[in-house]
Amino acid sequence: MRYWLMKSEPDVYSIADLANDPTEIWDGVRNYQARNFLREMQVDDLAFFYHSNTKPPGIVGLMKIIEADIVDPTQFDESSKYYDPKSQPEEPRWRTVKVGYVETFAEQITLDTLKATFSPEELLVVKRGNRLSVMPVDEAVAEKLLEMGRSA
DNA sequence: GCCAACGTTGGC
DNA sequence: GCCAACGTTGGC
């Protein structure tokens, strides 16, 4: 069982949206490094939900991987902003996972708090200039994050 | 809204 | 295979 961190802009898709859905396909990732992490995910892995491009940015909750290695349907949808004309149905370029809601943290763990608590080596998201939207989280760091998020 | 960081594209 | 131009991300 591994831990991950996945970013989403709350204006586009927030933890509240996920709480209202039974499950959701995490679509729209169009970065190869992020996609490779998505492909490593296995059922029952846990992922921290991170709100980006908002004030303040930070970790807001937890979700679980409930289905692994799904073809991202938006890559073949010409009306989608994530449409990729270079991706062939016989060899889809973009794969992702289906996630399920687990919990919303009692208190958001802001980026400022994350920076004050973890080094860039411990937690990639605090690294300056980091633009990855999907990244692995070390188990010891993950346990601390759970503790921080659950104690308001 | 700005802009630094950095990924991608395409000409050569 | 290099690299300039361009596009996107995301904190501020």
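Every chain is numbered from 1, with letters handed out A, B, ... down the list of sequences. Computed over heavy atoms, backbone and side chain alike; hydrogens, waters and symmetry mates excluded.
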Between A:R30 and A:D72, is there a salt bridge with N-O shorter than 4.0 Å?
-> yes
Do any N or O atoms from the side chain of A:K7 and from the backbone of A:L132 form a donor-acceptor pair under 3.5 angstrom?
-> yes
Applying salt bridge (charged side-chain N to carboxylate O under 4.0 Å, His left out), name anything that partners A:E40, two or more places apart in sequence or on another chain.
-> A:R2
Would you check if the side chain of A:Q108 reaches a backbone N or O of A:P56 as a donor-acceptor pair within less than 3.5 Å?
-> yes
Any sub-3.5 Å donor-acceptor pair from A:T74's side-chain atoms to A:Y83's backbone N or O?
-> no
Heavy atoms under 4.0 Å, any strand shown: does A:R30 hit a base, just sugar-phosphate, or nothing?
-> nothing
Residues touching DNA chain C, which here means a heavy atom under 4.0 Å, drawn from residues 72-83 of chain A | none
Quick one: does A:D84's side chain have a donor or acceptor within less than 3.5 Å of a partner on A:K86's backbone?
-> yes
Near DNA chain B, which residues from residues 89-96 of chain A have a heavy atom under 4.0 Å away?
-> none
By side-chain contact (heavy atoms from CB on, under 4.5 Å) - contacts of A:E103 (at least two apart) = A:L62, A:F105, A:R150
State whether the side chain of A:S8 and the backbone N or O of A:Y13 hold a donor-acceptor pair below 3.5 Å, judged by distance alone.
-> yes
Which residues satisfy the side-chain contact (heavy atoms from CB on, under 4.5 Å) test with A:S14, sequence neighbours excluded?
-> A:P10, A:A16, A:D17, A:H51
For A:N36, all residues meeting side-chain contact (heavy atoms from CB on, under 4.5 Å), sequence neighbours excluded | none
Please list, by residue number, the residues of residues 114-123 of chain A whose heavy atoms come closer than 4.0 Å to an atom of DNA chain B; answer none if no residue qualifies.
-> none
Going 5' to 3' on DNA chain C, which nucleotide is the first and which the last to come under 4.0 Å of a heavy atom in chain A?
-> C:dG7 to C:dC12
Residue whose closest nucleotide on DNA chain B lies nearer the 5' end, A:Y32 versus A:R128 | A:R128
Residues that A:D69 engages under side chain to side chain donor-acceptor pair (under 3.5 Å), provided they are two or more places apart | none
List for me each residue that meets ring-ring contact (aromatic ring centres under 6.0 Å, His included) alongside A:Y32, sequence neighbours excluded, and say none if there are none.
-> A:W94
Name every residue in residues 49-56 of chain A that has at least one heavy atom under 4.0 Å from any atom of DNA chain C, in order of residue number, or write none if there are no such residues.
-> A:Y50, A:S52, A:N53
Only counting residues at least two apart or in another chain, list the ones meeting side chain to side chain donor-acceptor pair (under 3.5 Å) with A:T113.
-> A:T110
